[in-house]
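The structure under discussion appears below in the form of structure tokens.
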Amino acid sequence: MAMEAAAAGLAMQSRAVGVVGAGSRSGAVGGDRRARAGSLRIGGPAGGAALRARGAKPVAPLCCVKTSRGHQSLHNSVDEALLLKRKAEQVLFGLNGRCIYLVGMMGSGKSTVGKILAEVLGYSYFDSDSLVEQAVGMPSVAQIFKVHSEAFFRDNESSVLRDLSSMQRLVVATGGGAVIRPVNWSYMKKGLSIMLDVPLDALAKRIAQVGTASRPLLDQPSADPYTAAFAKLSLLAEQRGDAYANADVRVSLEEIAAKQGHGDVSQLNPTDIAIEALQKIQNFVNEHSMASGPFEDL
């Protein structure tokens, strides 16, 4: 009964995160004392800017909202949450405290899925873009690009990832372009990297709905936001495709949707994606443990 009760709470939290996509970001949530997130100090080239990232605060319990499906909807959510929790318990030993880095195109749901993974694994969650904003002392990535430059942002992004890589038990949602610098991969390879692979059409629809003001590489005047977003995303995907392929694990939303009989990835919820990510992590850890010995030796 205790597990079911915990699962019910987790189900409500996971559902409340909303549709995977571009949402508000936070520097750190979730909680694990051993992560020592409170002692993280991040400095970048920006005039010696430094940040003390405060550690994890527990996610507040959320009230259950009644839906048209009523009790059946809650029952299904609890089942999903139980499966999510069991998957997390199965991968924890193999992870051995290694950090998880989520990579993928902008709007792919890294922050949303990352928070769920951190919650069920007992890890702390960090968003690298938010940490750069705090380190530089500016409210948004878009403003950093405008006032300084993309190169300036990338320098600070690398500094953030370097500092995070010295820690354990973190889930880190990276910016869409973090993969383009080889040095960033040297940091992320100290943990385990997961690429969230979302069809460009779905990404363009999401981004067109929420706007591009917070995404400097997409923020261009256009009478048709979807067409403009799709064109730019296609170019970025072509430029970054080989870099994304460096990820240890690939989670394809199209494959998840097909397995569940959905014709559109927009019908997936964040819990579906988190469960698949945990399964892929478990497969990766098992394969490398058998081939190369303990995962911690990789």
Side-chain angles (χ1 to χ4, degrees), residues 18 20-29 37 40-54 101-115 125-165 170-185 187-188 193 195-196 198 200 203-204 206-222 225 228-237 239-240 243-244:
V20 176
S24 60
R25 298 193 310 266
S26 61
V29 299
L40 174 63
R41 189 168 184 78
I42 297 173
L51 160 72
R52 183 169 295 276
R54 299 194 180 277
Y101 297 89
L102 292 167
V103 302
M105 294 287 285
M106 60 187 77
S108 59
K110 300 183 295 290
S111 297
T112 305
V113 175
K115 290 172 184 176
Y125 169 83
F126 285 94
D127 180 289
S128 65
D129 281 356
S130 293
L131 292 178
V132 172
E133 291 165 359
Q134 294 176 47
V136 174
M138 291 189 173
S140 69
V141 173
Q143 186 173 356
I144 296 172
F145 271 56
K146 183 177 180 180
V147 173
H148 296 286
S149 64
E150 180 179 357
F152 176 87
F153 172 81
R154 299 295 174 203
D155 288 342
N156 281 273
E157 180 178 58
S158 294
S159 296
V160 163
L161 291 173
R162 179 199 63 212
D163 290 349
L164 290 172
S165 71
L170 305 180
V171 174
V172 180
T174 67
V179 297
I180 63 178
R181 286 195 173 185
V183 68
N184 293 343
W185 282 108
Y187 303 139
M188 291 191 286
S193 53
M195 180 204 174
L196 297 186
V198 184
L200 295 181
L203 286 177
R206 291 175 186 172
I207 291 171
Q209 288 175 352
V210 301
T212 59
S214 64
R215 303 181 183 279
L217 294 180
L218 294 182
D219 193 24
Q220 301 172 0
S222 173
F230 185 84
K232 184 61 176 179
L233 287 168
S234 297
L235 178 61
L236 290 173
Q239 294 172 343
R240 299 172 179 175
Y244 285 132

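This chain uses plain numbering: 1 for the first residue, then up along the sequence.
Summarising the geometry, atom CG belonging to L161 is positioned 11.0 Å from atom CG belonging to N156; distances are rounded to the nearest 0.5 Å. Here the CD1 atom belonging to I144 is positioned 10.5 Å from the CZ atom belonging to R154, to the nearest 0.5 angstrom. Distance check, rounded to the nearest 0.5 Å: OG of S128 to CG of D163 gives 12.5 Å. Atom CD of residue E150 and atom CD of residue E157 lie 9.0 Å apart, to the nearest 0.5 angstrom.
When only modelled atom types and interatomic distance are considered, S111 and Y125 share a side-chain donor-acceptor pair under 3.5 Å.
Two residues are said to be in side-chain contact when any heavy atoms from C-beta on lie closer than 4.5 Å; S165 and Y101 meet this criterion. Side-chain atoms of V179 and M195, non-hydrogen and from C-beta on, never get closer than 4.5 Å to each other. Between V171 and L102, the closest side-chain pair of non-hydrogen atoms falls below 4.5 Å. Residues V103 and L196 have side chains not in contact (no heavy-atom distance under 4.5 Å, counting atoms from C-beta outward). R162 has its side chain out of reach of V183: every pair of non-hydrogen atoms, C-beta onward, lies at least 4.5 Å apart. V141 places none of its side-chain heavy atoms less than 4.5 Å from the side chain of V132. Counting heavy atoms from C-beta outward, Q239 and I180 have side chains that stay 4.5 Å or more apart.
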With salt bridge (Lys or Arg N to Asp or Glu O under 4.0 Å) as the criterion, how do D129 and K110 come out once you've worked through the C-alpha distance, each side chain's angles and the decisive distance to 0.1 Å? CA-CA 12 Å; D129 281 356; K110 300 183 295 290; over 6 Å; no
Test V160 against V172 for side chain to side chain contact (heavy atoms under 4.5 Å, CB included), laying out the working first. CA-CA 11 Å; V160 163; V172 180; over 6 Å; no
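Here the side chain of S149 pairs no donor or acceptor atom with the backbone of F145 at under 3.5 angstrom. A donor-acceptor pair under 3.5 Å is formed between the side chain of R240 and the backbone N or O of G176. Of the possible donor and acceptor atoms, one in the side chain of Y244 sits under 3.5 Å from a partner among the backbone N and O of G104. A donor-acceptor pair under 3.5 Å links the side-chain atoms of S159 to the main chain of D155, judged by distance alone. Side-chain atoms of N184 come within 3.5 Å of backbone N or O of A178 as a donor-acceptor pair.
Salt-bridge check for K115 with D127: failed, with every basic side-chain N at 4.0 Å or more from each acidic carboxylate O.
Scanning both residues, L203 and M105, for their nearest heavy atoms gives CD1-CB, 3.6 Å.
Every residue meeting the side chain to side chain contact (heavy atoms under 4.5 Å, CB included) condition with Q143, not counting sequence neighbours, appears here in chain and number order: M138, P139, S140, V147.
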